[in-house]
There are 2 protein chains.
Amino acid sequence: MQGSNTQRKLTIQDIARLAGVSKATVSRVLNHRPSVNPSLRERVLRTIHEYGFIPNATATGLASGHTRLLGVLAPPLTWPAIPEIMRGVAEYIEGSPYEIVLYSISFERNHSDVLDRILSMSMVSGLLAILPGGLGRYLYQRFHLGLPLVVIDDQKVPAQVPRVGIDNVNSAYTATRYLLELGHRRIAHIQGPLHYLCSQERYQGYCRALEEAGITPDPNLLLQGSFEVESGQRCAETLFSRPRNAWPTAIFSANDQMAYGVMDVAERLGVRIPEDVSLVGFDDNMLSSHLRPPLTTVHQPFSDMGFKAVELLLNMLDSQHSKQQEECSIHLQLPTQLCIRKSSGPPYYLLS
Amino acid sequence: MQGSNTQRKLTIQDIARLAGVSKATVSRVLNHRPSVNPSLRERVLRTIHEYGFIPNATATGLASGHTRLLGVLAPPLTWPAIPEIMRGVAEYIEGSPYEIVLYSISFERNHSDVLDRILSMSMVSGLLAILPGGLGRYLYQRFHLGLPLVVIDDQKVPAQVPRVGIDNVNSAYTATRYLLELGHRRIAHIQGPLHYLCSQERYQGYCRALEEAGITPDPNLLLQGSFEVESGQRCAETLFSRPRNAWPTAIFSANDQMAYGVMDVAERLGVRIPEDVSLVGFDDNMLSSHLRPPLTTVHQPFSDMGFKAVELLLNMLDSQHSKQQEECSIHLQLPTQLCIRKSSGPPYYLLS
DNA sequence: TTGTATGCGTTATCAC
DNA sequence: GTGATAACGCATACAA
């Protein structure tokens, strides 16, 4: 027993012998080099197919200097958005010769050492970083040193670093405006953690909509959450423990998860949604439409984001290889969509 | 520009020169070979550390014949259980020198060619197959040919193939028994797709509990689902379109997703849960406790399953390397737990 | 167009 | 214990 599988693996040498050509020719055929006699190519291809030969990826990598592996640096997959993003990633990858090396990391601490190791091994030829948080700065350094990199979402990334995301300000603006148009005047906002740019941007959009409607954002209606369900519960408890006339008539949560927390508490306290309080989320996680009531929320095209990001990354790899590295800055902003469902409606005092 | 990063990568050769030893010695130090002079080892380690040298993974792989990559073959990550499993996988991996190559595949068709390609590239030194479905048979073949393989859940796998899963029969039995003890006599079952072994096993457990209670399973109360939310909706519509006295007083769904569908329809038709109908699911997906009402369900330790599976796989790789491949069959059955929440209660006719 | 020879960075097999 | 040197399987510059 020598490797994983018992029967000795075929090498390019074997195919060369079997087809009566040299290793070089087989290699050329495998790499679609144009300069090879059609009849020879045919013969080689036949033997390759006949014996089911597949070139050893490790050797290819060593000889060519670049692997067909793409690193994906991501938060734990249990974050609701990540599987959706990965679905898009997988979809694009499936039609490509690349595979995914998944670096699932908890980004709480600064794993810059981990990152160094990953990249120094020269195991992946490019990196897709999903919400890299504090690791961003290290990545951007490496990017400027030549690392093919695409970032998804949120960061205050240097303009040159290719990234895909959404327009958080406008999306939040649209959501808030929707509530205003329903007649709401007291709209609370549960904000995400401040070290996320998107938290600040969504808050901006919220404020802008309010101010446009002649409403000064009320600090008492701004709650600080952490994007987790529990934080939504805490914020809801804070709000609903106040005298009834101090309640908002609507709550705009910076993500769906915190909105779930609000719904939990509302249920427990007998606060009816949307009759007593309207609720709007952000993200449109998979289950948000199955909640009771179904959650009105801003849909993020996560799957598309993953898809486009990988597409971008692979294009970069190709163009890098053909030496025509372009210098323009790439920032894909994908459109979001407000999904109006049952958790929102006119304020109670406008109900007939 | 020659690679990803501009400055030329250090090689083992460079370190050897800098430390005044030969490549071989550096290699020995890197691989923790005992036979090397402590003072030399010290010197080599210092230069390695000083220059931040990290051996090239590709070259190591080619020379040694085995990579530090583990393949994970999995259904789309949007299946609710998968991220949970992957969390356990990632947790174990993080403490190991291995990395994960994620093969996210839709298992609808028989991608045995994909599998062949994956394995022939000899890029991964072991494979964790999560719910491989129809691909199983190919995998077991490869296993017997020497592929280090661990399977998670469900399959009718040959006894020799190491796998981790749960006891579906007993878990379903427990859930059904719980409903019986509440006083239910007409308990419907929404079954999963029949080509999943777990669907059949859960049905078995359901039947056994019923029969033990002297109840013959009623074919009219057996609905065929597909594990998707929509199928749960269809089944619920079927049930609730019957005359009220033909309704079940409880529904045991073979997974949580289908239970969500039931809740959707119940909400729409004004059927109260649990007052009119009790509902019990299976899986305990992350959001099941946040539904209204929170779903009573059988908790599967998905994260543990992923953790244990990788642990098993890495142990196999180690023992394979030291030629002591054991021949006993390994089947880890992890315990499940019935989580009783608000979606279940006594039948309406027993309510005070 | 095709074959030969060398290199990729490491491990493993020898002698010493 | 240590250092040359031959694999590992493929890509590629160079020669033919």
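Below, each value reflects all heavy atoms present in this structure, side chains not excepted, and no hydrogens, waters or symmetry copies. Since we're looking at a predicted model, the values are computed, not measured. Chain identifiers are assigned alphabetically (A, B, ...) following the order of the sequence lines, protein sequences preceding nucleic acid strands; residue numbering begins at 1 within each chain.
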Only one of B/Thr25, B/Leu30, B/Asn31, B/Val29 passes side-chain contact (heavy atoms from CB on, under 4.5 Å) with B/Ser27; say which it is.
B/Asn31
Phosphate contact (C/dT1 OP1 or OP2) by A/Arg33 side-chain N/O below 4.0 Å
no
note: A/Leu10, atom CG; D/dC8, atom P; distance rounded to Å ~ 14 Å
Any carboxylate oxygen within less than 4.0 angstrom of a Lys/Arg side-chain nitrogen, looking at B/Arg87 and B/Glu91?
no
When the C1' atoms of the five terminal pairs at each end define the local axes, what inter-axis angle does the helix from C/dT1-D/dA16 to C/dC16-D/dG1 show, to 10 degrees?
40°
Tell me the interatomic distance from B/Arg68, atom CZ, to C/dT10, atom P, rounded to whole angstroms.
15 Å
Determine, stepwise, if the pair B/Leu147 / B/Leu119 fulfils side-chain contact (heavy atoms from CB on, under 4.5 Å).
CA-CA 9 Å; B/Leu147 169 73; B/Leu119 298 178; 3.9 Å; yes
Give a yes/no on whether any side-chain N or O of B/Ser27 is located under 4.0 angstrom from OP1 or OP2 of C/dT11.
yes
A/Thr11 side chain N/O closer than 4.0 Å to the phosphate oxygens (OP1, OP2) of D/dG9?
no
Output yes when A/Arg142 and A/Asp116 qualify as a salt bridge under the 4.0 Å nitrogen-oxygen rule, no when they do not.
yes
For B/Leu149 and B/Ala129, which heavy atoms make the closest approach, and how far apart are they?
CD1-CB, 4.2 Å
What is the distance, to the nearest angstrom, from the CG atom on B/Leu30 to the C1' atom on C/dT10?
10 Å
Rounded to whole Å, please give me the gap between CE in B/Met123 and C1' in D/dC8.
16 Å
Report each atom pair, protein N/O against N/O of nucleotides 2-6 of chain C, whose distance is under 3.5 angstrom.
from  : atom 1 : to      : atom 2 : distance (Å)
C/dT2 : OP2    : A/Asn37 : N      : 2.4
C/dG3 : OP2    : A/Ser22 : N      : 3.2
C/dG3 : OP2    : A/Ser22 : OG     : 3.2
C/dG3 : OP2    : A/Thr25 : OG1    : 2.6
C/dG3 : N7     : A/Arg28 : NH2    : 2.6
C/dG3 : O6     : A/Arg28 : NH1    : 3.3

Which residues in residues 44-60 of chain B have a heavy atom closer than 4.0 Å to any atom of DNA chain D?
none
Report the distance from atom CZ of A/Arg17 to atom P of D/dG9, rounded to the nearest whole Å.
13 Å
Using whole Å, what does the distance between atom P of nucleotide D/dT5 and atom CD1 of B/Ile12 come to?
17 Å
Report yes if some heavy atom in the side chain of A/Val72 is under 4.5 Å from a heavy atom in the side chain of A/Met86; otherwise report no.
yes
Between P on D/dT12 and NE2 on A/His66, what's the gap in Å once rounded to a whole number?
8 Å
Output yes when a side-chain donor or acceptor of B/Ser125 lies under 3.5 Å from a complementary backbone atom of B/Thr67, and no otherwise.
yes
Kindly determine whether A/Ile85 and A/Ile130 satisfy side-chain contact (heavy atoms from CB on, under 4.5 Å), including the steps that lead there.
CA-CA 9 Å; A/Ile85 296 177; A/Ile130 305 178; 3.7 Å; yes
Heavy-atom closest contact (A/Pro75 atom, A/Leu131 atom, distance):
CG-CB, 4.0 Å
Shortest non-hydrogen pair, B/Met316 vs B/Pro162, comes out as SD-CG, 3.7 Å
Please evaluate residues B/Phe307 and B/Val89 with respect to the criterion side-chain contact (heavy atoms from CB on, under 4.5 Å), reporting the C-alpha separation (whole Å), side-chain torsions for both, the decisive distance (0.1 Å), and the verdict.
CA-CA 5 Å; B/Phe307 191 93; B/Val89 170; over 6 Å; no
